[in-house]
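Keep in mind the model is a prediction, meaning the values are calculated, not measured. In the text below, chain A, chain B and the rest are named by the order of the sequence lines, each starting its count at 1.
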Amino acid sequence: MPELPEVETIARNLRHGHPRETSPAEHSYRVREPRAEYVTAPPSAIPVVGKTITGAQVFWPRTLAEPDENSFYHQIIGQQIEEVGRRAKYLILHLSEQKLIIHLRMSGDIIITPLTEPLAPHDRLTLTLDDQYRLAFNDTRKFGRVWLMDDPTPLFAGLGPEPFSDEFTPEWLHAALQKKNRQLKPLLLDQTFLAGLGNIYTDESLHRAGLHPLTPSALVSETQAARLRDTIREVLSDGIRHNGSSIDWVYRGGGFQNYFRVYGRGDEPCLTCGTPITRMVVGQRGTHFCPQCQPLG
DNA sequence: CACGAGACCTGTTCGC
DNA sequence: TGCGAACAGGTCTCGT
């Protein structure tokens, strides 16, 4: 589920609590009704910085990638949450002694509730906080993973650059695309090439850049690469500004789904030219593009 | 190196 | 109504 903007939103929520999306209805299409209980604020929007972990519980063993369960309990209890960060799609809780790394994969979410609330159906790992709140890693599909480590550097070693870093320049992107001989869509999804893009934001970036998802990377011109770099940053910024995307049953307060131009809009008219959006499968992922605005070759 | 298929999982939606 | 297939924001591994 979550891509860079959603993970960034959760990190900010856990750090500060964050103002909610008060989405104006103007560009709204495909609007889904948010779950009534979350209309004011999603449960991830409660700050946890400064709180101390007084208990922990693992309900689905595979969720905990490292260390083993007993060591996890022994090590994490007593540590304070000092800061919350993000690298690629990883959420990072900086604890007083170690780092707690969380990858939400397809269906993960972080939910903060008072201890008096019952556990949610898909809570896989929970932390008890000293102010009588509970931080739950909730993950319907069980793909998510959690690591408690002294130094997470090895986990991040293979990742490509952050899209908002100084390293991600038009020149870097053009050169990097030249070095590969791959289709753009799967290449942009490859976290070792560039960190943070997922299926939604890749499709949206390529549409705004006017590039076909199957374009061979080595054929992208300098001008096109520069444009693509800008649209990637633009789409991610828009996503963050709207607190990420909320689709299907996972609602965490974001509203960027109301601004999708191609994702999930197969057969609907392109908002630029009116041509029906095409949906095809590329690398086993649903891929959406406008055949008019994003010609191949 | 590039690419496709299969795994890992549960839940929703759609067609018959 | 029931039931199977397709599909879902991600990533890893294996075979060609």
### Message
Just the rounded figure in Å: distance from C1' of dG10(C) to CZ of Arg145(A).
### Response
11 Å
### Message
Without decimals, in angstroms, what is the distance between Arg105(A) CZ and dC9(B) P?
### Response
11 Å
#### Entry: Side chain of Gln284(A) (C-beta onward), nearest among dG9(C), dA2(B), dG6(B)
dG6(B)
### Task
Check whether the aromatic ring of Phe143(A) stacks on the base of dC8(B), taking stacking as ring centres less than 5.5 Å apart and planes within 30° of each other.
yes
### Message
Nearest to the side chain of Arg182(A), heavy atoms from C-beta on, is which of dA2(B), dA8(C), dT11(C)?
### Response
dA2(B)
#### Entry: Distance in angstrom units between Arg285(A) CZ and dA6(C) C1', rounded
15 Å
### Whole-angstrom distance between dA7(B) and dA5(C), as gauged at atom P
15 Å
### Message
So that I can tick it off, tell me whether Arg233(A) and Asp230(A) are bridged by a salt bridge, with the cut-off set at under 4.0 angstrom between side-chain N and carboxylate O.
### Response
no
### Task
Give none if dC9(B) has no partner; otherwise give the nucleotide forming a Watson-Crick or G-U wobble pair with it, both distances under 3.5 Å.
none
### Message
Tell me whether the side-chain N/O atoms of Lys180(A) come closer than 4.0 Å to OP1 or OP2 in dC1(B).
### Response
no
### Query
Does His103(A) put a side-chain nitrogen or oxygen below 4.0 Å from OP1 or OP2 of dT11(C)?
yes
### Task
Compare side-chain N and O positions of Lys179(A) against OP1 and OP2 of dC1(B) and report whether any pair is under 4.0 Å apart.
no
### Message
Using the P atom as the point on both nucleotides, what is the distance between dG9(C) and dC14(B), in whole Å?
### Response
16 Å
### Task
Mind calculating the distance between CZ (Arg62(A)) and P (dC8(B)) to the nearest angstrom?
8 Å
### Query
Taking the side chain of Thr140(A) as heavy atoms from C-beta outward, which of dT11(C), dT10(B), dG10(C) is closest to it?
dT10(B)
### Message
Counting neighbours of CG on Asp267(A) that are heavy atoms of other residues, nucleotides or ligands and sit closer than 6.0 Å, is the number greater than 12?
### Response
no
### Query
Between Phe168(A) and Phe164(A), does the ring centre distance come in under 6.0 Å?
no
### Task
Please give the nucleotide sitting opposite dC16(B) as a Watson-Crick or G-U wobble pair, both distances under 3.5 Å, or none.
dG2(C)
### Query
Using a cut-off of less than 4.0 Å, is there contact between a side-chain N or O of Arg279(A) and OP1 or OP2 of dA8(C)?
yes
### Task
Look at the side-chain N and O atoms of Tyr263(A) and state whether any lies under 4.0 Å from the OP1 or OP2 oxygen of dG9(C).
yes
### Message
Please determine whether a side-chain nitrogen or oxygen atom of Lys142(A) lies at a distance below 4.0 Å from atom OP1 or OP2 of dT10(B).
### Response
yes
### Query
dA2(B) phosphate, OP1 or OP2: any side-chain N/O from Asn181(A) under 4.0 angstrom?
no
### Task
May I ask you to verify if any side-chain N or O of Gln191(A) is less than 4.0 angstrom from the OP1 or OP2 atom of dT11(C)?
yes
### Task
Specify the separation, in whole Å, of atom CD of Glu6(A) and atom C1' of dG10(C).
13 Å
### Query
Distance-only, no hydrogens or angles: does the Gln80(A) side chain make a donor-acceptor pair with backbone N or O of Gly50(A) under 3.5 Å?
yes
#### Entry: Whole-Å P distance, dA5(B) and dA6(C)
14 Å
### Query
Rounded to the nearest Å, what distance is computed from the CG atom of residue Leu214(A) to the P atom of nucleotide dC3(B)?
10 Å
#### Entry: Side chain of His122(A) - closest among dC9(B), dT10(B), dA2(B)
dT10(B)
### Task
Describe, in one word, how the ring planes of His242(A) and Tyr259(A) are oriented to each other, choosing from parallel (under 30°), tilted (30 to 60°) and perpendicular (over 60°).
parallel
### Query
Rounded to the nearest Å, what distance is computed from the CG atom of residue Asp109(A) to the P atom of nucleotide dG11(B)?
16 Å
### Task
Could you state the atom-to-atom distance from CE of Met106(A) to P of dA7(B) in whole Å?
17 Å
### Query
Can you check whether Pro161(A)'s main-chain N or O pairs, donor with acceptor, with Ser165(A)'s side chain at less than 3.5 Å?
no
